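In what follows, a single structure is set out as structure tokens and then discussed.
As the structure is a computational prediction, the values presented were derived from the model and not from experiment.
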Amino acid sequence: MKSVITQAVSIPVKQSTSGNSTTNGCLYGSGKTAVILSNMDTNDQAEWDAVVEELVANDRMVVTYDYLQQQDDQSSILADVISFVCTAGVKSVILVGASRGGVASIKVAANTKDNHCILGVVALSAPIEYEGIVFYSKEELSRIKMPKLLINSEEDDGADDTREMFQLFAEPKELLFYPGDAHGTQLFTREHQAIITELRHFIAVATGGM
């Protein structure tokens, strides 16, 4: 396994009801491109351990971080993480999120006014709706112009949402389904190498080989 330099960081947050002004994050590698990984509801950065070092490359870092509290919409803290890395010199960002983190990634891609640094978004098992809460409108989904990759398992509870989201997305877009009912980062257990290959390819195309 390759040796990757890691750095624990405190990331400033602008809006929090938890009383905290920072959240814990970790930077893997370094570079002008950042792949930002957003957690599932479990809020465990370790769930990305299976892929994080595989995504580090020359001039490309990977970033993980904690949510400060349980809430339906984690897009504001993701926006703070993007601001943090861009202030540190990052020029381009790829968003990758699983489940709730996929929701946050898609919402930021759709609603961040100054999102020219975001070059692509990947969502694993991200729902459109859950327990009566609708996370984004059809208009929000249709206005995302950057490359988009949706990944899910065929029997996941949100598989139909994934199919609907793909139909609402404008090009460029990709859709990948794998056998079984794994949700979010659970997909790495069975489909590790296949997903790594797809993520690397998506990132390379979205960044123009940066």
Side-chain angles (χ1 to χ4, degrees), residues 35-45 47-48 50-52 55 62-67 69-79 81-82 93-112 115 118-192 194-196 198-199 202-203 206:
V35 179
I36 301 178
L37 306 179
S38 294
N39 304 327
M40 301 203 297
D41 277 349
T42 47
N43 197 21
D44 184 2
Q45 295 182 47
E47 290 181 344
W48 297 103
V51 300
V52 64
L55 299 179
V62 173
V63 183
T64 59
Y65 67 99
D66 287 338
Y67 304 136
Q69 63 247 338
Q70 286 290 327
Q71 57 188 35
D72 296 322
D73 184 357
Q74 300 286 4
S75 59
S76 64
I77 193 168
L78 173 55
V81 176
I82 295 170
V93 170
I94 300 291
L95 303 178
V96 181
S99 192
R100 188 78 68 185
V103 172
S105 299
I106 291 168
K107 286 189 72 69
V108 167
N111 295 305
T112 304
N115 68 358
I118 304 174
L119 300 186
V121 57
V122 180
L124 293 83
S125 309
I128 293 176
E129 176 271 340
Y130 182 69
E131 293 185 342
I133 299 171
V134 178
F135 297 113
Y136 13 63
S137 67
K138 293 180 179 180
E139 192 275 332
E140 283 180 289
L141 294 173
S142 64
R143 71 175 176 230
I144 305 174
K145 304 304 181 186
M146 67 193 68
K148 299 158 288 289
L149 172 60
L150 296 177
I151 303 174
N152 208 345
S153 59
E154 293 171 346
E155 298 174 38
D156 179 72
D157 289 343
D160 286 343
D161 277 9
T162 299
R163 295 183 180 94
E164 181 180 354
M165 196 182 303
F166 182 74
Q167 293 301 318
L168 292 168
F169 277 158
E171 296 286 352
K173 59 185 179 179
E174 297 178 65
L175 175 65
L176 294 174
F177 273 103
Y178 294 98
D181 61 359
H183 183 75
T185 55
Q186 295 171 355
L187 282 157
F188 302 146
T189 300
R190 181 171 179 177
E191 307 293 346
H192 176 262
I195 293 177
I196 287 293
E198 294 293 345
L199 289 176
F202 177 85
I203 292 167

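For the atom pair CG of Leu187 and CD1 of Ile195, the computed distance is 4.5 Å after rounding to the nearest 0.5 Å. Here the CZ-OG distance, from Phe177 to Ser153, works out to 8.0 Å after rounding to the nearest 0.5 Å.
Under the side-chain hydrogen bond (donor to acceptor under 3.5 Å, both in side chains) criterion, no residue pair touches residues 165-177, with sequence neighbours excluded. Among residues at least two apart or in separate chains, there is no salt bridge (charged side-chain N to carboxylate O under 4.0 Å, His left out) pair with a member in residues 144-158.
Asp73 pairs by the side chain to side chain donor-acceptor pair (under 3.5 Å) definition with Ser75, not counting sequence neighbours. Checked against side chain to side chain donor-acceptor pair (under 3.5 Å), Asp66 has the following partners two or more places apart in sequence or in another chain: Gln45. With sequence neighbours excluded, the residues satisfying side-chain contact (heavy atoms from CB on, under 4.5 Å) with Leu176 are Leu149, Ile151, Tyr178, Glu198. Every ring pair (Phe, Tyr, Trp, His ring centres under 6.0 Å) that Phe188 has, sequence neighbours left out, goes to Trp48. Residues meeting the salt bridge (charged side-chain N to carboxylate O under 4.0 Å, His left out) test with Glu139, sequence neighbours left out: Arg143. For Tyr67, the ring pair (Phe, Tyr, Trp, His ring centres under 6.0 Å) partners are Tyr65, not counting sequence neighbours. Residues forming a side chain to side chain donor-acceptor pair (under 3.5 Å) with Arg190 (at least two apart in sequence, or on another chain): none. Partners of Asp160 according to the salt bridge (charged side-chain N to carboxylate O under 4.0 Å, His left out) rule, which considers only residues two or more places apart in sequence or in another chain, are Arg163.
No donor-acceptor contact under 3.5 angstrom links the side chains of Gln74 and Ser38, judged on distance only.
Put simply, the residue from Val108, Ile118, Val81 that forms a side chain to side chain contact (heavy atoms under 4.5 Å, CB included) with Ile36 is Val81.
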In residues 122-134, what donor-acceptor pairs under 3.5 Å come from side-chain atoms, sequence neighbours left out?
{"unit_1": "Ser125", "atom_1": "OG", "unit_2": "Asn152", "atom_2": "OD1", "d": "2.9"}
{"unit_1": "Ser125", "atom_1": "OG", "unit_2": "Gly184", "atom_2": "N", "d": "2.8"}
{"unit_1": "Glu129", "atom_1": "OE2", "unit_2": "Glu131", "atom_2": "N", "d": "3.4"}
{"unit_1": "Glu129", "atom_1": "OE2", "unit_2": "Gly132", "atom_2": "N", "d": "2.6"}

Listed pairs under 3.5 Å, donor-acceptor, residues 94-103 side chains, sequence neighbours left out:
{"unit_1": "Ser99", "atom_1": "OG", "unit_2": "His183", "atom_2": "NE2", "d": "2.8"}
{"unit_1": "Arg100", "atom_1": "NE", "unit_2": "Asp41", "atom_2": "OD1", "d": "2.8"}
{"unit_1": "Arg100", "atom_1": "NH1", "unit_2": "Asp72", "atom_2": "O", "d": "3.3"}
{"unit_1": "Arg100", "atom_1": "NH2", "unit_2": "Asp41", "atom_2": "OD2", "d": "3.2"}

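Heavy-atom minimum distance, Ala170 versus Ser142: CB-O, 3.9 Å.
The shortest side-chain heavy-atom distance between Glu47 and Leu37 does not fall under the 4.5 Å cut-off.
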